Amino acid sequence: MIVRRLKVKDYRNARERTVELKDGRNAFVGANARGKTNLLEAIYFAGIGKSFRTPRDKELINRDCSRAFITVETERDTGNETVKLVLDRAANKRVAVNDVPISRMSELMGVCPVVLFCPEGLKIVKEAPADRRRFMDIALCQVSKTYFNLLSRYDKILQSRNKLLKSGGSRNALAPWDILAADAGAGIIKSRRGYISRLAVHAQSLHEYLSGGEKLELEYEGVSGESVDEIKSALLAKYESDYDNDVRQKFTHTGPHRDDIKLSVDGTDVRSFGSQGQQRTVALSLKLAEMKLLTDTLGTSPVLLLDDVFSELDCKRRKKLLAVLDGFQTVITSTDADFDGFDVNVINI
């Protein structure tokens, strides 16, 4: 998939702007506070249906306006598609694909697939497990509407189970919610475990190349089991053994909402003990691996969005990264146009 054109109106500091993108490497170049990341964010919004910088859509509307508009035109082997979004201070956002309004965000997933790496991307490695779960969920939602719906269902079940725990629910009262949570949770865990297994193949080779030979290992941390039935049984057993603790602390201690990814480099857990450079290289390797895996799964490549990444890399790693991007459409934000002799479509902002 290629993003051919981005149009925004009254979006953050851009009153009206149209940007033409090319195959391969593109770069929004300009001084700080000119709006480079805003344009990158608009492409991301068209792919995921939300911002990566704020959960509040209304913050994206220019302060002097009542609405903001985003249009992203894409090109695929199977035909062109256009995503249009309207953000409104007085109403919920509206999304249309090829001028047909959609009522569920799951219908947007995969239309304009994106992979983002930004300075906050280090959270995947060094911050809380929630950031690593989000990393998996965003990728899986783009390739599977079933997963998106399963995740939404699990969240609702979990809220109901926790509400019951807060009221001191008995084992009998919790039993139906245990079954529902285990059923949905098992599907999520199986999908995530399979995803991490496939992701590891790409991430290991990319990390070895970027780091100069260090070995990266990934492991999904959750209840045991390979099949849905095995995972479901393991979850039900944990709900039983955790009952007293769940009631005492009034929340569910086990399930996909508590799982994690173990990340090791040469046997060392980089989540806790990795250097800043190691953590950055691991995070970038994971994102590039996500790019390759989504391409394999979707049969078309996502657009890779790199926000202010080059300022964090030394010259050697910058050249290696630019080389890895061959064959993918990439949008980079940068304060300078020095790309070490690589062919980059520079768009001054």
Side-chain angles (χ1 to χ4, degrees), residues 1 3 41-58 60 68-76 78-88 91-116 130-161 180-196 198-199 228 231 255-257 259 287 290-291 293-305:
M1 181 211 70
V3 173
E41 178 188 41
I43 298 173
Y44 183 87
F45 203 111
I48 304 299
K50 58 184 178 181
S51 165
F52 62 88
R53 298 154 79 193
T54 175
R56 293 171 288 277
D57 294 346
K58 291 175 177 56
L60 309 178
F69 303 84
I70 303 170
T71 300
V72 171
E73 299 175 17
T74 72
E75 180 182 302
R76 294 174 180 253
T78 54
N80 300 340
E81 292 190 294
T82 300
V83 177
K84 294 182 179 179
L85 303 103
V86 180
L87 310 180
D88 196 317
N92 292 330
K93 64 187 167 215
R94 301 186 292 280
V95 185
V97 176
N98 296 331
D99 293 322
V100 177
I102 65 172
S103 57
R104 299 174 182 169
M105 292 310 297
S106 61
E107 298 174 59
L108 180 62
M109 297 298 104
V111 175
C112 178
V114 296
V115 172
L116 168 74
D131 293 293
R132 291 180 283 279
R133 292 193 295 269
R134 190 177 302 111
F135 162 68
M136 292 185 284
D137 291 341
I138 289 174
L140 283 165
C141 284
Q142 290 190 86
V143 300
S144 173
K145 292 180 174 59
T146 299
Y147 184 87
F148 182 95
N149 292 328
L150 191 62
L151 196 64
S152 298
R153 184 159 69 92
Y154 179 79
D155 286 343
K156 292 175 183 176
I157 294 167
L158 184 65
Q159 288 176 22
S160 296
R161 189 180 193 273
L180 290 172
D183 185 54
I188 292 168
I189 291 171
K190 186 176 188 307
S191 295
R192 285 181 181 171
R193 185 166 283 141
Y195 177 74
I196 292 302
R198 297 190 301 274
L199 187 77
V228 169
I231 298 169
H257 65 290
D259 292 352
K287 283 297 184 175
E290 178 187 352
M291 184 84 176
L293 187 53
L294 288 184
T295 300
D296 293 344
T297 307
L298 293 169
T300 187
S301 59
V303 58
L304 178 62
L305 308 174

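For reference, positions follow the sequence shown, starting with 1. These figures come from a predicted structure and were not determined experimentally.
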Handout entry: Contact check, side chains of D183 and R153, non-hydrogen atoms, under 4.5 Å
Key = yes
Handout entry: Min side-chain heavy-atom separation K190-R193 under 4.5 Å
Key = no
Handout entry: Inter-residue atom distance I138.CD1 - L116.CG, 0.5 Å rounding
Key = 8.0 Å
Handout entry: Spacing of I70 atom CD1 and I43 atom CD1 [to the nearest 0.5 Å]
Key = 10.0 Å
Exercise for the section: Can you measure from NZ (K287) to CZ (F135) and round to the nearest 0.5 angstrom? Expected result: 5.5 Å
Problem - V114 backbone acceptor or donor facing Q142 side chain under 3.5 Å - result: yes
Completion exercise
Looking only at heavy atoms, the pair that brings N98 and E81 closest together is OD1-CA, 3.2 Å
Exercise for the section: Report yes if the side chains of V97 and T82 come closer than 4.5 Å at any heavy-atom pair, otherwise no. Expected result: no
Exercise for the section: For atom NZ of K50, decide whether the heavy atoms of other residues, nucleotides or ligands shown that lie under 6.0 angstrom number more than 12. Expected result: no
Problem - With D57 via side-chain hydrogen bond (donor to acceptor under 3.5 Å, both in side chains) - residues at least two apart - result: K93
Practice task
For the residue pair V115 and L305, establish whether any side-chain heavy-atom pair is separated by less than 4.5 Å.
Solution key: no
Problem - By side-chain hydrogen bond (donor to acceptor under 3.5 Å, both in side chains) - contacts of R94 (at least two apart) - result: none
Problem - Side-chain heavy-atom pair D259, R132 within 4.5 angstrom cut-off - result: no
Practice task
Would you sort out whether D131 and R134 count as a salt bridge (Lys or Arg N to Asp or Glu O under 4.0 Å), showing the intermediate values?
Solution key: CA-CA 5 Å; D131 293 293; R134 190 177 302 111; 2.9 Å; yes
Completion exercise
Of all heavy-atom pairs linking P113 and L298, the shortest is CB-CD1, 3.7 Å
Practice task
For the residue pair K84 and F69, establish whether any side-chain heavy-atom pair is separated by less than 4.5 Å.
Solution key: no
Handout entry: R192 side chain to Y147 side chain, donor-acceptor N/O pair below 3.5 angstrom
Key = yes
Handout entry: Parallel, tilted or perpendicular, as decided by the 30° and 60° cut-offs, for the rings of H257 and Y154
Key = tilted
Practice task
Find out whether L87 and F45 are in side-chain contact, i.e. whether some heavy atom of one side chain is under 4.5 Å from a heavy atom of the other.
Solution key: yes
Problem - Test side-chain contact (heavy atoms from CB on, under 4.5 Å) applied to V83 and L85, step by step - result: CA-CA 7 Å; V83 177; L85 303 103; 3.8 Å; yes
Handout entry: Residue pair R104, E107: steps toward the salt bridge (Lys or Arg N to Asp or Glu O under 4.0 Å) verdict
Key = CA-CA 6 Å; R104 299 174 182 169; E107 298 174 59; 5.2 Å; no
Completion exercise
Scanning both residues in full, the closest heavy-atom pair of P302 with T295 reads CD-OG1, 3.3 Å
Problem - Shortest non-hydrogen contact between I48 and L108, atoms and distance - result: C-CD2, 4.2 Å
Handout entry: Check: M1 main-chain N/O paired with T300 side-chain donor or acceptor under 3.5 Å
Key = yes
Exercise for the section: Any chance you could measure L60, atom CG, to R53, atom CZ, to the nearest 0.5 Å? Expected result: 8.5 Å
Problem - T74 to V111 - nearest heavy-atom pair and separation - result: OG1-O, 4.5 Å
Practice task
Take atom NZ of K156 as the centre, draw a 6.0 Å sphere, and report whether it contains more than 12 heavy atoms from other residues, nucleotides or ligands.
Solution key: no
Exercise for the section: Considering non-hydrogen atoms only, spot the tightest contact between A46 and C112 and give its length. Expected result: O-CB, 4.2 Å
Problem - Residue pair S144 / F148, side-chain heavy-atom distance below 4.5 Å - result: no
Handout entry: Distance (rounded to the nearest 0.5 Å) between M136 CE and Y195 OH
Key = 9.0 Å
Practice task
Kindly compute the distance separating CG (L150) from SG (C141), expressed to the nearest 0.5 Å.
Solution key: 9.5 Å
